[in-house]
Amino acid sequence: MRTNGNSVKAKQRRWGWAFLIPATFMIIVMNFYPMVQALITSFKKGPILNMEMADPWYNNYARIMQDKIFITAMKNTFLYLIIQVPIMLVLAMLLAQILNNKDLKFKGIFRTMVFLPCATSLVSYALIFKSLFATQGLVNSVLRSLHLISDNINWLGTAGTAKFVIIFALIWRWTGYNMVFYLAGLQNIDYQVYEAAKIDGASAWKTFWRITVPLLKPVIVMTFIMSINGTLQLFDESVNLTNGGPANATITMSHYIYNMSFGQGVGKFGYASAMSFVVFIMVAILAAINMKVGDTRD
């Protein structure tokens, strides 16, 4: 069917472009253009209003490998990643399995309770944990009442315990978020598959590994990528719980980039941009590895 020489399909195509062009323009202006400018800035030095090309041009990137604070921040970030992400995702999977039970009563309440930490403001929950783990906080009071400790523990003032608090806070907040993805994946698996496995004599453990995990593999890969991406850009917990202390013992890469940009008077935007692109490369490499491992196509 044609009207004035224009087909219905041609009109639909024009309307499609009419809706796409503004959104595409905004994405380019708000995302890709700043990324290109940040890349150019990473090869410059000097104050923001009078920046010039570094000599040599790769000077900011060479400096990163000699920066002890950045290396410490990178080690801290990967420590949080290696410990927190597997524990969090395993807990999320277990909780999803439990809350997917069709015979469980009050499932809605339990699911809401597990997910609620994720709905808490990042700053608010960090301040709550800071209060709980203060020297005179609730955690020390409970441990003393149970006679597990004799003196108060300086949780946030000691490097090892401060890292533990950050990891514990991350697990508490993000487990419910990942549980929702696993729960959605489990609900798309036909329950008759589990009944057939039960009739065949498969144990719960074998059913989990041979049925649940393979069918949830795309979801597992997605949550791994999102968790890795989020942890490598970890900022709020380092700033609000420990302020990177004691003596930069808990600082993260994003926190250090922020300090270089805004936290030390005159911003070192060239160096901060270089560190940002190093983090971007780390995220891209780890995401590519996860996607390759999770690719089930022949």
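What you see is a predicted model, and the numbers here were worked out from it, not measured in a lab. We number each residue from 1, following the sequence as shown.
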In terms of the angle between their ring planes, are Y177 and F181 parallel, tilted or perpendicular, with boundaries placed at 30° and 60°?
perpendicular

Any side-chain heavy atom of L234 sitting closer than 4.5 Å to one from L81?
no

Considering only heavy atoms from C-beta outward, does the side chain of S261 approach that of K268 to under 4.5 Å?
no

Roughly how far, to the nearest 0.5 Å, is CD1 of I82 from CD1 of I87?
11.5 Å

Judged by atom type as modelled, is there a donor-acceptor pair below 3.5 Å linking the side chain of R144 to the main-chain atoms of I149?
no

Could you tell me if the side chain of D236 sits less than 4.5 Å from the side chain of Y125, heavy atoms only?
no

Quiz: residues 197-207 side-chain donor-acceptor pairs under 3.5 angstrom, not counting sequence neighbours:
| from | atom 1 | to | atom 2 | distance (Å) |
| --- | --- | --- | --- | --- |
| S203 | OG | K206 | N | 3.2 |
| T207 | OG1 | S203 | O | 2.8 |

I need the minimum non-hydrogen distance between G157 and P246, along with the two atoms involved.
O-CG, 3.4 Å

Is the closest side-chain donor-acceptor distance between T250 and T242 under 3.5 Å?
yes

Run the side chain to side chain donor-acceptor pair (under 3.5 Å) check on T212 and Y194 step by step: do they pass?
CA-CA 9 Å; T212 304; Y194 291 107; 2.8 Å; yes

Evaluate the side-chain proximity of L79 to K75: yes if any heavy-atom separation is below 4.5 Å, no if none is.
no

Please step through side chain to side chain contact (heavy atoms under 4.5 Å, CB included) for the pair I98 and F110, ending with a clear verdict.
CA-CA 10 Å; I98 294 169; F110 292 134; over 6 Å; no

Under 4.5 Å side-chain linkage, directly or through intermediates, the cluster mates of I71
none

If you take all heavy atoms of I251 and H255, which pair is closest and at what distance?
CG1-ND1, 3.6 Å

Any side-chain heavy-atom pair from V114 and L99 closer than 4.5 angstrom?
yes

Is the count of non-hydrogen atoms from other residues, nucleotides or ligands lying under 6.0 Å from M30 atom CE greater than 12?
no

Crowding at CE, M53 (>12 non-hydrogen neighbours, <6.0 Å)
yes

State the CG-CD1 distance between N76 and I69, to the nearest 0.5 angstrom.
11.5 Å

Indicate yes or no for a side-chain donor-acceptor contact from N50 to the backbone of G46 under 3.5 Å, with no hydrogens or angles considered.
no

Going by the side-chain contact (heavy atoms from CB on, under 4.5 Å) test, name the single residue among K105, R111, M113, K107 that passes it with I109.
M113

Reported CG-to-CG distance for the pair L186 and L216, which is rounded to 0.5 angstrom
5.0 Å

Assign the ring pair Y61 / F43 to parallel, tilted or perpendicular, where the plane angle (0 to 90°) is split at 30° and 60°.
tilted

Roughly how far, to the nearest 0.5 Å, is the CD atom of Q187 from the OH atom of Y182?
15.5 Å

Once rounded to the nearest 0.5 Å, what's the spacing between atom CG of L170 and atom CZ of F129?
9.0 Å

Would you call K45 and E52 a side-chain contact if the rule is heavy atoms closer than 4.5 Å?
yes

May I ask you to decide if I153's main-chain N or O and N140's side chain share a donor-acceptor pair within less than 3.5 Å?
yes

Is the ring pair Y256/F70 parallel, tilted or perpendicular, if the boundaries are 30 and 60 degrees?
tilted

Counting C-beta onward and ignoring hydrogens, is there a side-chain heavy-atom pair between S227 and N178 closer than 4.5 Å?
yes

Linked, directly or transitively: I64 and Y58 (ILVMFWY side chains, under 4.5 Å)
yes

For M26 and N31, what are the C-alpha separation, side-chain angles and deciding distance, and is it a side chain to side chain contact (heavy atoms under 4.5 Å, CB included)?
CA-CA 8 Å; M26 291 300 295; N31 289 312; over 6 Å; no

Under 3.5 Å, which donor-acceptor pairs do the side chains of residues 272-283 form with other protein atoms, sequence neighbours left out?
| from | atom 1 | to | atom 2 | distance (Å) |
| --- | --- | --- | --- | --- |
| S273 | OG | F269 | O | 2.8 |
| S276 | OG | A272 | O | 2.9 |

What heavy-atom pair brings A73 and M253 nearest, and what distance separates the two atoms?
CB-N, 3.8 Å

Transitive ILVMFWY side-chain link F164 to V90, under 4.5 Å
no

Mark yes or no for whether T231, through its side chain, and I228, through its backbone, hold a donor-acceptor pair below 3.5 Å.
no

Work out which heavy atom in W174 is nearest to a heavy atom in M88; give both atom names and the distance.
CB-SD, 3.3 Å

Hey, any chance V29 and F32 share a hydrophobic cluster, counting ILVMFWY side chains that come within less than 4.5 Å of each other, even indirectly?
no

Check against side chain to side chain donor-acceptor pair (under 3.5 Å), Q233 and N229
CA-CA 6 Å; Q233 299 178 67; N229 186 16; 2.3 Å; yes

Find out whether K130 and N240 are in side-chain contact, i.e. whether some heavy atom of one side chain is under 4.5 Å from a heavy atom of the other.
no

Starting from F133, can I reach L138 by hopping between I/L/V/M/F/W/Y residues whose side chains sit under 4.5 Å apart?
yes

